Every structure is written in C-alpha cells, then in structure tokens.
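Everything below concerns the one structure shown next.
Convention: sequence-line order gives letters A, B, ...; per-chain numbering from 1. What you see is a predicted model, and the numbers here were worked out from it, not measured in a lab.
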2 protein chains.
Amino acid sequence: MAAEIEDYYVQQDKMYVATDCIIFGFDEGNLKLLIFRRRVKPLLGSWSLIGSFVKLNEDVGEAAKRVLKEITGLENVFMEELRTYGAAERDPGFRCISIGQYALIRINDYDKELVEIHGAHWYDLEEVPDLVLDHNTMVKDALSRIRRKARYKPIGFELLPEKFTIPQLQQLYEAIYNKKIDSRNFRKKVLSLNVLTKLDEKDKYNSRRGAYLYKFDHKNYQKLQEFGFNFEIS
Amino acid sequence: MAAEIEDYYVQQDKMYVATDCIIFGFDEGNLKLLIFRRRVKPLLGSWSLIGSFVKLNEDVGEAAKRVLKEITGLENVFMEELRTYGAAERDPGFRCISIGQYALIRINDYDKELVEIHGAHWYDLEEVPDLVLDHNTMVKDALSRIRRKARYKPIGFELLPEKFTIPQLQQLYEAIYNKKIDSRNFRKKVLSLNVLTKLDEKDKYNSRRGAYLYKFDHKNYQKLQEFGFNFEIS
DNA sequence: TCAAAAGTGTTACAAATACACCCATGT
DNA sequence: ACATGGGTGTATTTGTAACACTTTTGA
C-alpha cells in the first residue's frame with residue numbers, strides 16, 4: 001500500500017515546459033518588440049517570440065536568461081514572469097505549456113547587429129506580424145502588464161540608455177501609455193522623485209538647442225524599485 | 001535533415017507540472033488560509049497547500065478548479081494565477097514545476113464541513129504552520145499580490161457573503177492591509193464607488209444596534225472589475 | 001443605565017491638472 | 001531671422017487625511 005502511494009508520482013503525466021520571452025525595446029520614440037523566424041518544425045519560418053524548452057536541471061528563469069543571452073548577447077536584463085500559457089490544445093504537437101517572461105532592453109547598435117545575425121528583428125509594436133501559436137496574445141498581455149506596472153514601479157527606465165534626456169523619458173512614457181503627456185507636469189513629477197542626476201552634457205541629436213542629459217542616482221532608484229511610487233499620468 | 005528538425009520536440013525533456021492553490025477566506029474578522037494534510041509520499045501527513053498534477057488533456061486553470069471543487073465543493077470561485085515555481089531543485093522527487101494560483105472564497109458553514117471531511121483546515125494567516133516544499137513562500141507571495149491588487153481591483157469583495165455590512169467590509173480591508181482604517185473616510189470612499197445597494201435588513205450579529213446590510217450592484221461592480229479604481233487607504 | 005458598535009461632517013493639506021510663453025541654437 | 005524642440009511657473013480643482021461626538025438597543 002505504501003508502495004502504491006509512493007508510486008503516485010510515477011502515475012502522473014509528464015509534459016514539455018517551455019518559456020517564451022516577450023522582449024521590449026525603445027528606439028526612435030517607439031516601443032519595439034524583438035521577434036525571430038522559427039528554426040524548427042512545425043511552423044518552420046514563421047515569426048515567433050524567442051523561446052526554448054526548459055531542461056530538467058534548469059530553473060525556468062534560467063532557461064529564459066539563457067536564450068535571451070544567446071540571441072542578444074545581453075545579461076542582467078530586467079526580466080519578469082508574465083504568466084503561464086497552459087491551455088491543453090495550445091501546441092499542435094505534443095502537450096507543452098509555456099511560461100511567458102517579458103524583458104526590457106536598452107537597444108544599442110552593437111546588439112542590433114547580434115540580433116540580425118540570429119535572424120531576429122526589432123518590430124514596431126504596431127507592426128508586429130502574426131506570430132505562431134498564442135504568441136500574439138502573450139505580447140498583448142505583456143503590454144498590459146507593462147502599462148499597469150509603469151504606474152507604480154520605475155520599469156520604464158529599464159528601456160533607456162545610461163544617459164538620456166527628459167524629453168526621451170517622456171517619449172517613452174507616451175509610448176507606453178499611448179497618449180500625449182504635458183511636458184511641464186511630466187518634468188515636475190519626474191524630478192520630484194529625486195532619482196535623476198543632471199549632467200553637464202547635452203544631447204543635440206533631436207534639436208539645435210540640445211537637451212540636458214541625465215543619469216540615474218542608483219541608490220534612490222533602488223528605493224523606488226523596492227517601494228514603488230505613484231506615477232499616474234493624466 | 002528535416003527529420004532531425006522534426007525530432008526536435010522528441011529530444012526535449014518532459015517534466016511534471018503541478019498546480020497549487022493558495023486559498024484565502026475571511027471569517028471572524030481574520031484572513032484565513034485553507035491547507036490540508038498531504039495524503040501521498042513523500043512528506044505524507046505534512047501540512048500542504050491543496051494541489052494536483054496537471055493532466056495531459058487538461059488546462060492548467062482547469063486542474064486548479066478541479067481540485068478546488070473536490071475539496072470545497074465550490075465552483076465559479078475567483079481564482080487567478082500567481083506565478084510559476086520553477087526552481088530545478090524545488091521538489092525532492094522528480095523534477096516538477098508548480099503553478100501557484102490564489103483563490104478568494106466566501107467561507108460558510110456548509111463548506112466548513114466539507115472541508116473538514118477532506119482533512120483540510122482553515123488557519124488564521126498568522127498561525128499557518130510549516131508547509132511542504134516552497135508552499136510557505138507561495139502563501140507569502142499570494143498575500144503580497146492581494147495587498148497590491150486590492151488597491152486597484154475590488155478583489156476584497158470576493159471574500160464577503162452576498163449580504164454584508166460596511167463594518168465587515170472595513171474589517172476585511174483592515175485584515176488585508178494589516179492596519180486600522182478610519183471608519184468615516186472608509187465609508188465615504190466605499191460609498192462613492194457606487195457599487196453598494198443598501199438593504200432594509202440589519203445584521204445584529206456584532207452589535208445591539210445592528211448594521212445595515214448591503215449587496216453589490218453587479219453592473220457597476222463589473223465596471224470596477226474591468227477598469228480598476230483607486231483604493232489606496234491611509 | 002450602560003456598554004458596545006454604528007453612523008455621521010468639516011476643515012486642512014497635498015497632489016493632480018490645466019494652461020502659454022520665452023529660450024537657445026544651427027542653418 | 002526663423003524654425004524647432006527645450007525649458008519654465010501659477011492658479012484651480014480634486015482628493016486624501018485628520019479628527020470626536022451622537023445614536024441605537026439588548027441586557
């Protein structure tokens with residue numbers, strides 16, 4: 001009888017566990033999504049999120065980091081679980097659940113190259129094509145998550161380069177919330193958080209006058225991360 | 001070569017997928033957690049969350065609902081995914097990831113009996129004993145989730161019976177936030193949401209004078225669910 | 001009559017919103 | 001000199017926070 005109970009595990013079903021990364025970047029004033037052409041059957045050649053099966057000896061989070069590094073060369077990226085996609089019929093092959101994880105990345109030229117080498121591509125969010133399986137749903141869900149989360153955690157900042165201007169930060173939030181923000185109120189609110197250090201440099205890429213560059217005060221930024229803040233925007 | 005690619009799935013690892021339910025109730029002014037004694041080895045007899053393996057032909061969400069119904073007799077319960085517990089070493093037996101799902105339940109006497117029959121027990125949150133595996137972590141995580149979510153979704157209301165008093169609702173929020181709330185401000189805020197319908201009945205269980213019972217205006221309540229609201233409390 | 005919980009309003013303060021003009025610079 | 005985006009201040013409104021007494025009724 002004890003043996004029967006001990007055999008309980010063995011009687012259970014095993015299945016594949018995958019993870020798919022919803023990778024966001026911010027460039028040219030737009031939110032972008034990193035997708036690539038699937039290299040295995042079925043659905044070979046279709047656009048897809050970047051993902052991988054989870055190995056027996058590997059944490060789910062590790063699997064996502066592994067595949068993200070493979071394709072973007074990046075480590076220590078902001079990545080967080082979105083949710084499980086666990087419908088019985090979601091994969092036309094054998095039963096496979098997938099854990100969606102979204103990542104926020106600072107796009108730069110070096111990574112752009114690496115990404116192309118792997119057959120990946122940054123797409124404007126509005127122009128994302130049909131993706132395999134339920135991947136379009138994952139993207140939609142991840143976007144909702146970011147929109148909500150940006151209201152109380154400074155995750156938007158994960159998408160900016162080390163030095164950035166306040167108009168850039170505003171553009172980013174405009175892209176996330178998908179609406180125009182009053183620049184006076186935005187500036188007031190952002191500066192009141194006490195996480196920005198003004199530099200002596202200007203970025204003249206977008207205007208003749210140039211905009212002051214800022215960087216983060218990492219100590220205070222860390223506090224924001226931990227305790228959250230209120231960043232509702234009219 | 002094509003065959004090799006098609007064999008890609010077959011080369012992958014399969015594992016067990018479980019789901020564990022973090023079931024909250026509200027009774028006698030306290031948040032409670034439903035746990036039960038594990039009926040299988042290993043760890044037979046230890047306190048544990050209520051869970052189950054996910055079957056091959058079953059959605060992850062369905063699995064959670066199945067086991068919840070088995071033990072509480074309840075259907076159509078508020079249940080939502082918490083997150084995946086996917087560490088490689090989390091289960092001492094064979095590799096098994098678990099998807100935590102938290103549920104909010106209206107405790108009533110009928111269900112109390114059913115629960116006891118299944119060897120389950122409602123514990124005050126402060127008195128929850130050591131649970132197997134990472135289940136205590138799941139409880140902690142679920143509680144944080146509820147605390148955050150209660151600020152913008154009316155989930156607290158899921159824990160109340162159909163008819164309830166405003167002092168009860170306040171007690172509930174005091175239990176969730178773990179702090180005292182000013183009753184005048186609370187009442188003002190709750191009533192301003194326009195989701196409560198005052199009944200002519202009074203509940204005299206807690207006081208001689210009795211407190212008016214209310215129920216939800218389901219149409220407006222639905223809107224709150226969809227769009228969220230701001231329920232920060234001092 | 002008293003104990004115990006229910007119910008009620010106002011004032012002070014803080015934060016969010018709405019709004020329009022001058023500045024700096026490269027061409 | 002002008003076009004373009006960068007940068008600044010104030011008044012109004014809205015919402016949050018703090019605060020104490022009266023009412024009801026069963027025992």
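Phosphate contact (OP1/OP2 of dG7(C), side-chain N/O of Arg187(B), threshold under 4.0 Å): present. Phosphate contact (OP1/OP2 of dT8(D), side-chain N/O of Lys188(A), threshold under 4.0 Å): absent. Not one side-chain nitrogen or oxygen of Arg209(A) sits closer than 4.0 Å to the OP1 or OP2 atom of dG7(D).
Rounded to the nearest 0.5 Å, atoms CD1 (Ile176(A)) and CZ (Arg148(A)) are 13.5 Å apart.
Taking the six-membered ring where the residue is Trp, Phe231(B) and Phe157(B) present perpendicular rings, their angle passing 60° and hence far from 30°.
Closest non-hydrogen pair, Leu131(B) versus Asn136(B), comes out as N-OD1, 2.7 Å.
For an aromatic pair to be called close, the ring centres must be under 6.0 Å apart, and Phe26(A) with Tyr173(A) fails this.
Atom C1' of nucleotide dG5(D) and atom CG of Asn206(A) are separated by 8 Å, given to the nearest angstrom. Atom CG of Asp182(B) is separated from atom P of dG9(C) by 14 Å (rounded to the nearest Å). If you take OH of Tyr205(A) and P of dT25(C), they are 21 Å apart, rounded to a whole angstrom. The nearest whole Å value for the distance from the CZ atom in Phe186(B) to the P atom in dG9(C) is 18 Å. Distance, Asn230(A) CG to dT16(D) C1': 12 Å, rounded to whole Å. In this structure, Gln168(B) atom CD and dA5(C) atom P are separated by 14 Å, rounded to whole Å. When rounded to the nearest whole Å, the span between NZ of Lys179(B) and P of dT16(D) equals 13 Å. In this structure, the NZ atom of Lys204(B) is 18 Å from the P atom of dA4(C), given to the nearest Å.
Under the 3.5 Å distance criterion, the side-chain polar atoms of Arg106(A) are left unmatched by any main-chain donor or acceptor of Glu162(A).
In this structure, the nucleotide among dC19(C), dG6(D), dG26(D) sitting nearest to the side chain of Arg208(B) is dG26(D). The side chain of Arg184(A) lies closest to dA20(C) when the candidates are dA20(D), dA18(D), dA20(C).
Take the nearest nucleotide of DNA chain C for Leu191(B) and for Ser207(A): the residue whose nucleotide is more 5' is Leu191(B).
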